[in-house]
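Each remark here refers to the structure printed beneath this line.
From a predicted model like this one, the values you see are computed outputs, not experimental measurements. So you know, we letter chains A, B, ... as the sequences are listed, proteins then strands, and number each from 1.
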Amino acid sequence: MADSYSNRKTGIIILIIVIGVIFIIRLMQLQIFDEGYKIAADQNALRHVVQYPARGLIYDRNGELLVYNEAVYDIMVIPYQVRSAENFDTLMFCELLDISREDFNERMKKACRYSMQTPSVFIKQISKEAYGALQEKMYKFKGFYSQQRTLRHYPKPIAAHLLGYIGEIDNNELSDSNINSDKYYRQGDYIGKSGLEKSYETVLRGKKGQKITLVDVHNREKGRYENGRYDTVAIAGHNLYSTIDIHLQEYAEQLMTNKRGCVVAIEPSTGEILTLVSAPTYDPNLLVGRVRGNNYKTLSEDIAKPLFNRALMATYPPGSIFKIAQSMIALDEGVITPSTGFPCDKIIGCHGHPSANCVRDAIKMSCNPYFYYTYRRMIQQGVYSNQSRDSHYGLAKWRNYMLKFGFGQRLGVDLPNVSSGYIPDTTFYDKWYNGKWTFSTIYSNSIGQGEVTIIPLQMANLAAIVANRGYYYTPHLVRFYGEDSVRNPNFYKKNKTDISPEYFEIAVAGMYDVVHGAGGTAHRADIPGIDICGKTGTAENRGKDHSVFICFAPKDKPKIAVAVYVENAGAGGVWAATIASLVVEKYLKKNVGRIDVERNCLDAHPCQSLPLKPVGKKHKKQ
Amino acid sequence: MKARPNSIFHNVDWISIMLYATIVLFGWVNLYAATYTEDSAFVFNLESQHGKQLLWIGIAFFLAITILLSDAHFFSTTAYLFYAVILVLLLVVLSMSAVKGATSWIPIGPFKLQPSEFAKFGTSLALAKYLGSIDIHIRDLRTKVIAFGIILLPAALILLQHDAGSAMVFASFIIPMYRMGLSGKVLIIGFLAILLFVLSLLVNPYLLSGIIVVVAVLYLFLWLNKRTSKIIIRTILVVLLCVVCVISTEFVFEHALEPHQKTRINELLGKIDDPQGIGYNVRQSKIAVGSGGFFGKGFLKGTQTKFNFVPEQETDFIFCTVGEEWGFMGSATLVILYMVLFVRLIKMAERQYSKFASVYGYSVVGILFLHFLINIGMVLGLLPVIGVPLPFFSYGGSSLLAFTALLFVFLRQDASHNIMI
């Protein structure tokens, strides 16, 4: 058709081509230059389900299970998908989950605040049974899905302190570069908070995997993404094979019921901790799952501090058990000989006994003046004429010896939050007394009072040192872990006191006499058929004295070293010695023959009740 | 000429038919992907949409052959009859809406006939018939009034069905009319009106009015050398009109448009941002297209497509599937295919001896082009969401048959263009 408007054809063609070009440019922009849409499409259709690995199990030294896992389910929510869902039956959903409408709204609000797009936990830890009912109807609830988790379970309600507990990672931990340097943890993940769960976290946790599934607009699963090519399998955590003897642990906990204090038992030849009790304790199952929050609150408000692991964190005055270390140091330093005698002249308070004419007797009778004089010789060695300067010299030397006993330092035990105890140094006294101090200022240290504090683990370790005649292996709770039986080489290094075994034989003899000799302070620790060696202690403090006892048995080739500390329970020869001897008997004989002693101990409530009221001061030590 | 005049298959424009067939088949492949489920994977499954569409394609094939085999004069002689039937059908739908609530289709057995789809066809015929008549010149006012009447009558009936998208498509008849000699000023005024409308929604109307006045004053005193009183008066009138338009826009926007239309426009203009609400379709469609990348995710691999993230994906948003599964390669190819078809049809319309065929040809181009523009513009987030199908591509029997009839009637005309006087 040719007419005067023919040229308009070109205009129309240009219009069409311009639109086409605009579309193609727009397509380039959307499809080639903007990567964001690919991510958005993936966010729509891909659901990254984290595959949580089973946490490693923990066994006792004989292969009995201390901790295992149980499956539970977290209900996850993606708020924006719920919002866009049609016909969301909230009522039914609430019924299935057994929550109220208000609760639902509250949780939903929280999830929205966290993120509209990223999944967050809606309800934690639905039991397997409750999940069964929900599972079939899950497809009806767009925006919700479940994620399997595991909870810790404890076949026996024991060993709470040493096993520790796990909990949701908090913000501090998330941002802590020591803990989360590899960004392994995400909000909502669980992490060991205390005990072995904490110190062996990286061993126990395993490795998370992820499953990528396709979901449609109605949140229905539509199969695996790329046939699972990008899925990773969760790798289960390693099992821990601990040094704990489950039966001994249970028995010691029974003995400590109604008492405050702790029991630590070590195998001297290896440093393996057989039992670690802090009383009062709690059932570890209480700090698991949804009940954890409330229980934790109750426990943390308890005046007796059941969450506090006394065995590792309580710094106590050691009392008379410290005299063993004092005598060994003085002998090695040469300030006394095995046959040195001192009069029991009541220069400091003592109980009625004859004067000790040798170190062995002094240990047996726990003579306070004897160790006063011994300590004076140690501190004031006469190297310098100036008394203060001489004391500085002596204290520094003495402290070095003490550190070799593992006092005043963290022992390298494989548990977190271990106190070091305290062995005072010259700087400490200089600061305290403005540089003007001599032996007479610090003599209380001689009998394990004063500024000296040690933790119960160090007490048990002292018993182990004597049992080994002069050395110890770092006390530890895990022998090895994983299928490859990984061991910590640090636990196989001998820590030497560098004091002659001959001197330790004197300590052994003295400790034997404590239980068996005439005038010994702990005859009630005697176990028929077992050569047990021990040392009592009574630590002064606010309130009733603490009762302390360390021991090991048998005398030759010892198999167990024990420290028992009972708070506010009076003289050490009574409750601490009784409990320690029962623990030794249980371990060495499997069955306790002294039924009456055992019965008596189980029923006793020896500890002064809390809150403590100061009682009249006695100045007597056994 | 040397061709055998009575062999329609020799004279018909095979290039257009190939383009048509390619687009239809590619459309079906994408429809298959968009509606694919494990259960409906079977191609001839008549329960599924892709199965039904296959049936429609078969019917469209026979319709095309029937049209090609019919007499070339049949459509020009019966043009007004077609138009009348369409009007009646539109009235029937309207009256049914009054009884049963808004609807745009008439049930015929198991099928739903959508008269609005065929209205474009009937209107094209009527307009071509009218403008193709002897002694009709578009510069006459009478001609313009009648021509616009032919166009606006069905458009108004469709608008009464609340189908703004289909009604808007009738604007495409501007293209044949422009080609026949309608003043270009009409187009410019139309374009300016749209521009003013959008601007006054974006900018404060009074500020905009001020700017218009300033521009007009600058135009009058700085640019023009000769200032006759006629030009000044005309400029003042234009400015007044513009200002009135601008200031009344908000009122028109608030009161004349339906709420969903307002939000769609606001969403596009970026005045509201609600990706979960009204913006959901557009956002999901952009995600679908954008995630396709250069080569696409592959047939049946589109996650947006397969998992129904884009609503109305088999009809108005079918282009998403192309974008997602066939990537830039596929979608750009499809855009080019349409453009080639349009240009081809323009060339053919130009070679017609009959004015009827020429006007009709331009009407076909205009209708197809406007659908293409609105549909893909919407999917790509360039235009507001207006529900019109992509010709030959979207799911739906009525639209496929109507577009097929529209095209093939022109191909029938073209097949005898050189033997007609």
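Residue contact with chain A, scored on non-hydrogen atoms closer than 4.5 Å, is absent for B:Y338. Heavy-atom distances place no part of B:V310 under 4.5 Å from chain A, backbone and side chain included. If you measure heavy-atom distances from A:I19 to chain B, the contacts under 4.5 Å come from the side chain alone. Both the backbone and the side chain of B:I376 come within contact range of chain A, with heavy atoms under 4.5 Å apart. With a 4.5 angstrom heavy-atom cutoff, B:F328 touches chain A via backbone and side-chain atoms both. At a 4.5 Å heavy-atom cutoff, the contact between B:K297 and chain A is made by side-chain atoms alone.
Of the residues listed (A:R224, A:Q51, A:Q210), the one engaging A:D231 in a side chain to side chain donor-acceptor pair (under 3.5 Å) is A:R224, and it is the only one.
A salt bridge links A:R149 to A:D74: at least one charged side-chain nitrogen sits closer than 4.0 Å to a carboxylate oxygen. The pair A:K137-A:D89 fails the salt-bridge criterion, with no side-chain N (NZ, NE, NH1 or NH2) lying under 4.0 Å from an Asp/Glu carboxylate O.
The closest side-chain donor-acceptor pair between B:T35 and B:E314, if any, does not fall under 3.5 angstrom. Remark: the A:R205 side chain and the A:Y185 side chain contain an N/O donor-acceptor pair separated by less than 3.5 Å. Residues A:Q31 and B:S331 bring a donor and an acceptor atom of their side chains to less than 3.5 Å of each other. A donor-acceptor pair shorter than 3.5 Å can be found between the side chains of B:Q352 and B:D414.
Between B:F393 and B:F26, the distance separating the two ring centers is shorter than 6.0 angstrom.
Along residues 286-296 of chain B, the residues that come nearer than 4.5 angstrom to chain A, judged on non-hydrogen atoms, are B:K286, B:I287, B:V289, B:G290, B:S291, B:G293, B:F294 in order of number.
Chosen from A:I39, A:L46, A:D34, A:I32, the residue pairing most often with chain B at heavy-atom distances under 4.5 Å is A:I32.
Judged by distance alone, the side chain of A:Q148 and the main-chain N or O of A:Y52 form no donor-acceptor pair under 3.5 Å.
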